[in-house]
Asks: 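Handing you a structure now.
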Amino acid sequence: MPDRLSYPAMELRRSFGVVLHPTCFPGQWGIGTLGRQAQDFLDWLAAAGARWWQVLPLGPTGYGDSPYQSFSAFAWNPYLLDPDELVSRGWLRGETIPPSAPDRVDFGWIYRTRWPLLHRAYAGFLRHGSRHEKRDLGRFVRSEKDWLADYALFMALKAHLRGEAWTAWPADLALRRPRSVAAARRALAEEIGFHNWTQWWFHRAWTHLRDYARERGIGIIGDMPIFVAHDSADVWAHPEFFQLDARGNPTVVAGVPPDYFSATGQRWGNPLYRWDALERDGFRWWIARLRQALRSCDLVRLDHFRGLEAYWEIPASAPTAIHGRWIKAPGEKLLFALQSALGGAPILAEDLGVITPEVEALRDRFGLPGMRVLQFAFAGGDDNPHLPHNYPDHGRIVVYTGTHDNDTTLGWFQAAPPEERERARTYLAHHGIALERDEDAPWALIHLALESTAQLAMIPLQDVLGLDSSARMNRPASPSGNWSWRYNRSRLTEGVARSLRAVAAATRRLAPSDPVR
């Protein structure tokens with residue numbers, strides 16, 4: 001790959017978009033895919049006048065099903081591959097799918113059924129794939145070897161060892177002794193080939209979908225977690241970059257102190273970086289990671305941006321995040337290295353949580369847009385930074401009604417303290433926006449977001465559809481029941497698109513009709 005990439009001109013002109021992860025698409029296969037339903041959603045977005053589609057991380061998910069805890073920071077999620085496309089190519093034949101709940105993802109069911117289905121598709125590809133397709137797969141494997149070789153072997157070993165975390169593997173494999181690793185590559189060559197194929201086919205499918213979006217004037221905002229999962233190909237292949245003991249277990253882990261979401265904080269459990277080792281290596285791993293992210297999207301939301309200035313270090317033995325401490329990080333050196341290598345890569349800073357002047361200075365030093373969340377705006381006084389009249393004059397702000405970690409706006413408003421509800425009504429009335437019934441809350445905040453001075457206004461689809469807490473995507477610090485919501489295709493109507501388009505036109509956020517270049 002070249003050392004520098006040229007990205008399309010996706011300047012943050014006044015515009016808006018919708019937040020929706022691909023797993024949330026409807027369809028018969030139990031989880032959203034990159035097929036016809038994804039294209040239908042993009043058609044609907046274009047009809048609504050949106051310029052942006054924001055997704056959550058696209059990596060392969062493991063235990064807990066969180067897209068923020070992936071088996072790889074470089075790979076893509078094979079669950080999103082469209083079985084209908086595999087059938088149409090003749091790689092799957094006569095497939096029927098057992099019924100599953102249409103409005104929820106059952107990840108246990110997906111795990112049990114999707115991997116066997118994809119293995120059958122791979123066998124069909126080996127039998128019926130064209131010469132051109134097989135040559136293209138070979139080129140992909142060679143060009144992506146820097147990350148793909150480790151990922152495919154990691155997944156093959158995990159399958160062979162019944163899903164065990166890599167620290168529970170035989171020591172020679174866990175510690176990557178060269179002779180054992182070479183023997184595993186030979187013994188598991190077929191399974192390695194399968195994982196190479198899933199990544200190649202995802203890359204093809206996503207490239208097609210991204211082109212489809214660009215033709216409709218829609219750019220994609222990706223999402224990159226600051227930390228990576230311990231049980232991942234990244235930590236297994238590069239233990240020198242993480243704070244681990246001799247057997248590979250974390251000595252300290254990531255999280256955040258007590259906050260809005262949890263009285264005991266959040267103990268994420270991710271291993272923390274050895275920033276000194278990363279810096280000595282010229283931050284090459286981070287540069288490669290961001291380069292990969294920008295192959296999938298036009299802008300990258302860097303989750304937990306404040307961790308680049310200082311991060312919350314928790315002893316690995318601690319059961320909660322309460323007894324942690326702030327440790328400085330070399331964020332300025334890292335961002336300079338990323339900017340130098342990638343030509344001013346487009347990053348949005350997720351700067352929520354405990355934000356200090358040092359975090360703000362780091363963000364502003366590199367001209368990165370920050371975030372505001374309207375659900376946070378009505379607690380406290382008139383100086384609350386999430387209130388639109390407090391947004392900075394330069395407008396480098398992305399305002400959200402809520403995020404994937406929040407309740408839906410209807411759910412938030414129904415559960416909010418009386419004084420917060422009243423403050424919201426008063427503020428909205430001052431802006432000429434009526435909030436008379438609970439059910440008005442989602443569109444009231446949509447109006448406020450689009451009317452604000454923020455360059456971008458982003459709206460979770462749940463709020464566009466006016467859904468209650470049953471449609472919530474994630475409850476931080478809750479170990480189960482997350483990431484499973486899917487929308488009902490009957491709710492995504494032309495009428496809703498027209499309503500959204502009318503608000504966008506009135507607030508000067510309507511996307512131009514020209515394709516994204």
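Residue numbers run from 1 in the order of the sequence given. The structure displayed is predicted, hence computed values, not measured ones.
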Asks: Assess the residue pair Phe305 and Leu335 against the criterion (side chain to side chain contact (heavy atoms under 4.5 Å, CB included)); give the C-alpha distance rounded to whole Å, side-chain angles, the decisive distance to 0.1 Å, and a yes or no.
Replies: CA-CA 11 Å; Phe305 174 82; Leu335 289 170; 4.0 Å; yes

Asks: With no hydrogens and no angle check, is any side-chain donor or acceptor of Arg491 less than 3.5 Å from a backbone partner on Leu465?
Replies: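 At least one qualifying donor-acceptor pair exists.
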
Asks: Measure the spacing between OH of Tyr79 and OG1 of Thr33 and express it to the nearest 0.5 Å.
Replies: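 Atom-to-atom, Tyr79:OH and Thr33:OG1 are 15.0 Å apart.
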
Asks: Would you find a donor on one side and an acceptor on the other, under 3.5 Å apart, between the side chain of Glu133 and the backbone of Ser130?
Replies: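 Yes: the side chain of Glu133 pairs with the backbone of Ser130.
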
Asks: Suppose we screen for salt bridge (charged side-chain N to carboxylate O under 4.0 Å, His left out). Which residues come up paired with Arg120, at least two apart in sequence or across chains?
Replies: Glu95

Asks: Just checking, any donor-acceptor pair under 3.5 angstrom between side chains of Gln292 and Arg289?
Replies: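 Note: Gln292 and Arg289 side chains miss the donor-acceptor criterion.
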
Asks: Should Trp201 and Leu137 be marked as a side chain to side chain contact (heavy atoms under 4.5 Å, CB included) after you check the CA-CA gap, both sets of side-chain angles, and the distance that decides it?
Replies: CA-CA 8 Å; Trp201 192 243; Leu137 169 59; over 6 Å; no

Asks: Return the CZ to CG distance between Arg363 and Asp351, rounded to the nearest 0.5 Å.
Replies: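 One finds 5.0 Å between CZ of Arg363 and CG of Asp351.
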
Asks: At what distance, to the nearest 0.5 angstrom, does OH of Tyr63 lie from CG of Asp65?
Replies: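 Atom-to-atom, Tyr63:OH and Asp65:CG are 9.5 Å apart.
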
Asks: May I ask you to test the Leu80-Phe25 pair for a side-chain heavy-atom distance under 4.5 Å?
Replies: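 A side-chain contact is absent here, since even the closest heavy-atom pair is not under 4.5 Å.
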
Asks: Do the non-hydrogen side-chain atoms of Leu58 and Asn77 ever get within less than 4.5 Å of each other?
Replies: no

Asks: So, for Glu85 and Arg89, which heavy atoms are closest and what is the spacing to 0.1 Å?
Replies: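 In this case the closest contact between Glu85 and Arg89 is OE2-NE, 2.8 Å.
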
Asks: Nearest 0.5 Å, please: how far is CZ in Arg51 from CZ in Phe16?
Replies: 12.0 Å

Asks: Can you name the closest pair of heavy atoms from Arg472 and Asp405 and give their distance?
Replies: NH2-O, 2.8 Å

Asks: Between CZ of Arg14 and CZ of Arg508, what distance do you get to the nearest 0.5 Å?
Replies: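 Atom-to-atom, Arg14:CZ and Arg508:CZ are 4.5 Å apart.
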
Asks: Going by the side chain to side chain contact (heavy atoms under 4.5 Å, CB included) test, name the single residue among Leu374, Val464, Val19 that passes it with Ile459.
Replies: Val464

Asks: Does atom CD of Glu436 have more than 12 heavy-atom neighbours from other groups under 6.0 Å away?
Replies: no

Asks: Rounded to the nearest 0.5 Å, what separates atom CD1 in Ile347 from atom CG in Leu338?
Replies: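 CG of Leu338 is found 5.5 Å from CD1 of Ile347.
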
Asks: Do the side chain of Glu350 and the main chain of His304 share a donor and acceptor less than 3.5 angstrom apart?
Replies: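 Such a contact is found between Glu350 side chain and His304 backbone.
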
Asks: Any chance the side chains of Trp483 and Thr23 put a donor and an acceptor closer than 3.5 Å?
Replies: no

Asks: Hey, is the main chain of Pro67 close enough, under 3.5 Å, to the side chain of Thr61 for a donor-acceptor pair?
Replies: no

Asks: Within the side chain of Arg216, is there an N or O that forms a donor-acceptor pair under 3.5 Å with the backbone of Ala46?
Replies: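 Not confirmed, Arg216 side chain does not pair with Ala46 backbone.
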
Asks: Should Arg114 and Leu81 count as side-chain neighbours, where that means a heavy-atom distance under 4.5 Å?
Replies: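 No, their side chains stay 4.5 Å or more apart.
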
Asks: Hey, is the main chain of Gly108 close enough, under 3.5 Å, to the side chain of Arg112 for a donor-acceptor pair?
Replies: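 The answer is yes, because a donor-acceptor pair under 3.5 Å joins these two groups.
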
Asks: Do Tyr68 and Asp223 have side-chain N/O donor and acceptor atoms under 3.5 Å apart?
Replies: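 A donor-acceptor contact under 3.5 Å links the two side chains.
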
Asks: Anything under 30° is parallel, anything over 60° is perpendicular, the rest tilted; go ahead and classify His386 against Phe376.
Replies: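 His386 and Phe376: perpendicular rings.
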
Asks: Do the rings of Trp206 and Trp53 sit parallel, tilted or perpendicular, given the 30° and 60° boundaries?
Replies: tilted

Asks: Return each pair, listed once, that meets side chain to side chain donor-acceptor pair (under 3.5 Å) where at least one residue sits in residues 439-468; pairs must be two or more places apart or across chains.
Replies: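 As it turns out, the side chain to side chain donor-acceptor pair (under 3.5 Å) pairs with a partner in residues 439-468, which skip direct neighbours, are Thr401-Asp463, Thr409-Asp463, His431-Glu451, Arg437-Asp440, Asp468-Ser470.
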
Asks: Does any non-hydrogen side-chain atom of Ser66 lie less than 4.5 Å from one of Asn482?
Replies: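 Asn482 vs Ser66: side chains apart.
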
Asks: Restricting to non-hydrogen atoms, name the atom on Tyr487 and the atom on Leu20 that form the minimum distance, rounded to 0.1 Å.
Replies: CE2-CD2, 3.6 Å

Asks: Got Glu360 and Ile355 here, is their nearest side-chain heavy-atom distance under 4.5 Å?
Replies: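 Side chain of Glu360 against side chain of Ile355, heavy atoms only: contact under 4.5 Å found.
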
Asks: Apply the test side chain to side chain contact (heavy atoms under 4.5 Å, CB included) to residues Ile221 and Val398: give CA-CA distance (whole Å), side-chain angles for both, the deciding distance (0.1 Å), then the verdict.
Replies: CA-CA 12 Å; Ile221 302 176; Val398 184; 6.0 Å; no

Asks: Mind telling me whether His195 and Tyr151 have parallel, tilted or perpendicular rings, with 30° and 60° as the class edges?
Replies: perpendicular

Asks: Of all heavy-atom pairs between Ala444 and Ala434, which one has the smallest distance, and what is that distance?
Replies: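 Looking at all heavy atoms of both residues, the closest pair is CB-O, 4.2 Å.
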
Asks: Using a strict 4.0 Å threshold on nitrogen-to-oxygen distance, state whether Asp303 and Arg301 make a salt bridge.
Replies: yes

Asks: Check whether any side-chain N or O of His404 sits under 3.5 Å from a backbone N or O of Met473 as a donor-acceptor pair, and report yes or no.
Replies: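 No; zero donor-acceptor contacts below 3.5 Å.
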
Asks: State plainly whether the residues Arg36 and Asp82 are in salt-bridge range, i.e. N to O under 4.0 Å.
Replies: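 Between Asp82 and Arg36 there is no salt bridge, as every charged N stays at least 4.0 Å from the carboxylate O atoms.
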
Asks: Arg421: what forms a side-chain hydrogen bond (donor to acceptor under 3.5 Å, both in side chains) with it, not counting sequence neighbours?
Replies: Asp438

Asks: If you define the side chain from C-beta out and look only at heavy atoms, does anything of Gln199 sit under 4.5 Å from Pro78?
Replies: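 A side-chain contact exists here, since the closest heavy-atom pair is under 4.5 Å.
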
Asks: Determine whether Leu445 and Trp412 make a side-chain contact, defined as any pair of heavy atoms from C-beta on separated by less than 4.5 Å.
Replies: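 Leu445 reaches Trp412 side chain to side chain.
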
Asks: Which residues pass the ring-ring contact (aromatic ring centres under 6.0 Å, His included) test with Phe227, not counting sequence neighbours?
Replies: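 ring-ring contact (aromatic ring centres under 6.0 Å, His included) list for Phe227, sorted by chain: Tyr273.
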
Asks: Between Arg306 and Val359 (side chain of the first, backbone of the second, donor and acceptor by atom type, cut-off under 3.5 Å), is there such a pair?
Replies: no

Asks: Just jot down the salt bridge (charged side-chain N to carboxylate O under 4.0 Å, His left out) partners of Arg139, sequence neighbours excluded, or say none.
Replies: Asp136

Asks: Hey, is the main chain of Ala47 close enough, under 3.5 Å, to the side chain of Arg501 for a donor-acceptor pair?
Replies: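 Yes.
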
Asks: Applying side-chain contact (heavy atoms from CB on, under 4.5 Å), can you list everything that pairs with Ala229, at least two apart in sequence or on another chain?
Replies: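 By the side-chain contact (heavy atoms from CB on, under 4.5 Å) rule, Ala229 matches Gln69, Ser232.
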
Asks: Decide whether Trp29 and Asp84 meet the rule of one side-chain donor and one side-chain acceptor closer than 3.5 Å.
Replies: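 Indeed, the side chains of Trp29 and Asp84 share at least one donor-acceptor pair under 3.5 Å.
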
Asks: For a 4.5 angstrom cut-off between non-hydrogen side-chain atoms, does Arg210 reach Ile220?
Replies: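 Yes, close enough: below the 4.5 Å cut-off.
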
Asks: Kindly indicate, with the supporting measurements, whether the criterion side chain to side chain contact (heavy atoms under 4.5 Å, CB included) is fulfilled by Leu500 and Trp44.
Replies: CA-CA 11 Å; Leu500 200 50; Trp44 181 89; 4.0 Å; yes

Asks: Once the angle between the rings of Phe140 and Trp147 is folded into 0 to 90°, is it parallel (under 30°), tilted (30 to 60°) or perpendicular (over 60°)?
Replies: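 It falls in the perpendicular class, over 60°.
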
Asks: Do the rings of Trp76 and Phe202 sit parallel, tilted or perpendicular, given the 30° and 60° boundaries?
Replies: parallel

Asks: Looking at every heavy atom in both Thr408 and Ala471, which two are closest together, and how far apart are they?
Replies: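 Residues Thr408 and Ala471, closest heavy atoms: CG2-C, 4.0 Å.
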
Asks: Thinking salt bridges, do Arg425 and Glu422 make one under a 4.0 Å N-O criterion?
Replies: yes

Asks: So which heavy atom on Arg486 is nearest to which on Gly30, and how close?
Replies: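 Closest approach of Arg486 to Gly30: NH1-C, 3.4 Å.
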
